[in-house]
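Notes follow once the structure below has been shown.
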Amino acid sequence: MFSSFTALSLPGRGAARLAAAALVSALAAAGVATGAAPAAAQEAGQGQGGATATIGGLKTYGAAVIHGDDGDQEVSAGLFEMSVEGGGMLQTYCVDIQNPTQKDAKYHETPWSGTSLGTNKDAGRIRWILQNSYPQVNDLAALAKKAGVRGGLTEQDAAAGTQVAIWRHSDHTDVEAVDPQAERLADYLEKNARGLTEPTASLTLDPPAVSGRPGERLGPVTVRTNAGGATVTPPVGATADGVRIVDKKGEPVTSVTDGAQIFFDVPKDAAAGTAELTVQASTTVPVGRAFASESRSQTQILAGSSESTVAATATATWADQGAIPALSARKNCAEGALDLTAANEGDEPFTFELLDTEYTIAPGESRTVTVPLPEDRAYDFTIRGPAGFEQRFNGVLDCRTQSAALADATHTLGQPAPTTVITPTPNPNLAETGSSELTPLIGGLALVLLIAGGATLTAIRRKDASR
């Protein structure tokens with residue numbers, strides 16, 4: 001069974017309904033999530049692994065100017081800081097110039113394929129810039145000499161110049177630093193950048209979901225990490241009683257290293273159920289890793305990391321008979337979609353419905369279903385199976401650096417500190433999937449559209465009254 005995307009219910013009749021529907025269409029075209037809101041919980045079952053952090057705003061920055069058809073916009077350009085859950089600090093630059101940050105937005109380490117970098121042929125050049133500029137190169141005198149900057153560089157110059165060079169590759173926009181030294185650095189970095197491959201994740205588990213029968217070792221789940229070692233937290237809870245985490249020889253596992261294979265050892269008499277394990281480590285996150293938010297706050301790319309806490313989870317499902325599903329998902333920005341991988345280790349087919357389409361996974365089969373999703377809109381759905389199986393997927397697909405509607409809107413980007421978040425009053429006609437965190441930019445645009453819609457309704461009512 002499938003719980004569909006959150007939908008908007010429109011009250012009213014006749015002309016008023018048509019006007020309201022037109023307003024909703026305009027809001028949707030502008031990228032405003034009127035019908036759904038980002039859920040507060042982490043995107044369940046989507047193989048999240050690595051660092052999770054909260055953005056704290058710009059810390060070292062200068063000024064830049066975006067040259068556009070509608071005139072020039074002055075913006076702040078430089079390094080952000082993020083605090084890592086469990087300990088640690090990250091320094092990042094943004095790769096989404098037209099989208100402000102949101103206050104205290106939460107970010108997850110994300111593959112390039114789940115962001116605009118996945119479809120950007122210049123993403124590798126951005127990584128080169130990160131590795132060959134500030135703060136990775138903190139000898140500013142040497143950096144200035146290499147870039148041919150007379151008079152030297154301050155930290156603010158270095159941060160602004162680096163950010164401007166990144167924007168030229170991430171957003172392919174006409175932008176320049178205000179300070180001449182920073183602009184000279186930006187030109188040097190842009191000209192000399194070379195393509196590099198995407199850095200590996202700090203910590204992932206592959207696959208993030210497995211299934212099988214009681215009395216078996218379910219897996220393997222392979223650990224991928226750049227840390228020297230990681231700890232394993234075994235499953236807890238009633239359904240996980242007696243479930244152990246073991247290696248391929250059946251020996252209990254409490255710590256692992258890169259490449260280790262671990263299994264869920266489920267007792268033979270265990271009732272149908274599920275369990276989750278967590279692997280955690282302390283390491284420096286590789287420079288060039290992308291960070292995407294749970295809401296539409298501008299995508300970041302890592303410029304520097306302290307020793308930080310990283311974690312990943314994997315789930316197991318088991319049953320004596322019938323279908324035994326295992327589900328996981330990853331964002332696929334090349335297709336503008338969510339790739340849902342469904343495996344079935346049972347003896348009966350696993351059937352589920354998704355977007356009015358029914359899918360059947362045969363016993364022993366694994367298949368990836370590509371689910372097209374609208375840009376900048378929240379999604380939230382649950383897939384259910386036998387023996388109480390339930391898996392929820394939620395988040396926001398943010399694959400473009402700028403939505404088509406907002407590209408035509410004239411606006412000025414926010415101040416260096418994170419912009420204030422506007423949280424609209426929940427609509428009683430909406431299914432509850434969490435609150436939306438919209439920026440003042442989007443909130444202001446929505447207000448303009450609401451006023452226009454109100455004027456339309458007023459005109460219609462006056463026309464009706466004159467009849």
Side-chain angles (χ1 to χ4, degrees), residues 1-7 36 39 41-48 111 113-114 204-222 239-240 243 263-264 266 268 270-277 313-374 377-397 399 431 433:
M1 297 296 294
F2 167 68
S3 176
S4 64
F5 291 98
T6 312
Q42 181 174 337
E43 297 167 21
Q46 296 189 49
Q48 291 286 355
S113 60
T204 59
L205 298 178
D206 183 31
V210 294
S211 62
R213 300 178 185 277
E216 298 178 347
R217 296 174 193 157
L218 312 186
V221 175
T222 303
T239 61
V243 176
F263 300 78
F264 292 83
V266 182
K268 190 172 184 178
T274 63
E276 179 181 273
L277 66 83
T313 61
T315 60
T317 304
W318 61 87
D320 273 324
Q321 58 186 1
I324 314 175
L327 302 175
S328 60
R330 295 176 69 91
K331 293 176 183 177
N332 178 354
C333 282
E335 299 294 333
L338 189 71
D339 283 342
L340 176 68
T341 300
N344 178 16
E345 293 298 329
D347 53 19
E348 294 180 7
F350 172 53
T351 300
F352 63 95
E353 186 177 331
L354 191 58
L355 294 181
D356 299 324
T357 300
E358 187 174 86
Y359 299 91
T360 297
I361 311 300
E365 182 186 10
S366 178
R367 188 197 313 176
T368 297
V369 176
T370 299
V371 185
L373 296 173
R377 295 294 298 273
Y379 60 88
D380 191 355
F381 57 89
T382 298
I383 295 177
R384 296 178 176 87
F389 175 86
E390 185 175 288
Q391 189 105 29
R392 180 185 179 189
F393 301 89
N394 59 82
V396 176
L397 194 71
C399 290
T433 59

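Looking at Leu218 and Val266, their side chains come closer than 4.5 Å, going by heavy atoms from C-beta outward. Under the 4.5 Å side-chain criterion, counting only non-hydrogen atoms from C-beta, Asp380 is in contact with Arg392. Side-chain atoms of Asn344 and Ser211, non-hydrogen and from C-beta on, never get closer than 4.5 Å to each other. Taking 4.5 Å as the limit, every side-chain heavy atom of Leu340 sits out of range of all side-chain heavy atoms of Tyr359.
For the pair Ser328 (side chain) and Ala209 (backbone), a donor-acceptor distance under 3.5 Å is absent. In this structure, Lys331 contributes its side chain and Pro111 its backbone to no donor-acceptor pair below 3.5 Å. Side chain of Arg367 to backbone of Thr360: a donor-acceptor contact under 3.5 angstrom is found.
In terms of heavy atoms, Pro363 sits closest to Gly346 at CB-O, 3.2 Å. Residue Thr370 comes nearest to Glu335 through the heavy atom pair CG2-CB, 4.3 Å, listed as atom of the first residue, atom of the second, then distance. The two residues Tyr379 and Val396 come nearest to each other via the heavy atoms CE2-N, 3.7 Å. Looking at every heavy atom in both residues, Ala323 comes nearest to Pro349 through CB-O, 3.5 Å. For the residue pair Leu205 and Thr313, the shortest heavy atom distance occurs at CD1-C, 3.6 Å. The two residues Ala314 and Pro207 make their nearest non-hydrogen contact at CB-O, 4.3 Å.
In this structure, Glu348 has no side chain to side chain donor-acceptor pair (under 3.5 Å) partners at least two apart in sequence or on a different chain. With sequence neighbours excluded, the residues satisfying ring-ring contact (aromatic ring centres under 6.0 Å, His included) with Phe350 are Phe352. Glu216 is linked by a salt bridge (Lys or Arg N to Asp or Glu O under 4.0 Å) to nothing, counting only residues two or more places apart in sequence or in another chain. For Ala334, the side chain to side chain contact (heavy atoms under 4.5 Å, CB included) criterion is met by Thr119, Asn332, not counting sequence neighbours. Remark: Arg213 engages Asp347 in a salt bridge (Lys or Arg N to Asp or Glu O under 4.0 Å) (not counting sequence neighbours). Thr341 pairs by the side chain to side chain donor-acceptor pair (under 3.5 Å) definition with Thr368, not counting sequence neighbours.
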### Message
Please evaluate residues Leu397 and Leu338 with respect to the criterion side-chain contact (heavy atoms from CB on, under 4.5 Å), reporting the C-alpha separation (whole Å), side-chain torsions for both, the decisive distance (0.1 Å), and the verdict.
### Response
CA-CA 8 Å; Leu397 194 71; Leu338 189 71; 5.8 Å; no
### Task
Would you please test Thr357 and Val369 for side-chain contact (heavy atoms from CB on, under 4.5 Å) and show each step?
CA-CA 11 Å; Thr357 300; Val369 176; over 6 Å; no
### Task
Go through the steps to decide whether Phe389 and Leu327 satisfy the test side-chain contact (heavy atoms from CB on, under 4.5 Å), and finish with yes or no.
CA-CA 10 Å; Phe389 175 86; Leu327 302 175; 3.6 Å; yes
### Task
Apply the test side-chain contact (heavy atoms from CB on, under 4.5 Å) to residues Phe393 and Leu354: give CA-CA distance (whole Å), side-chain angles for both, the deciding distance (0.1 Å), then the verdict.
CA-CA 12 Å; Phe393 301 89; Leu354 191 58; over 6 Å; no
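Heavy-atom neighbours of Gln321 CD from other residues, nucleotides or ligands within 6.0 Å: at or below the threshold of 12.
The structure places CZ of Arg384 at 4.5 Å from CD of Glu390, a figure rounded to the nearest 0.5 Å. Taking CG from Asp320 and NZ from Lys268, the interatomic distance works out to 9.5 Å, rounded to the nearest 0.5 Å. The CD1 atom of Ile324 sits 9.0 Å away from atom OG1 of Thr317, with the distance rounded to the nearest 0.5 Å.
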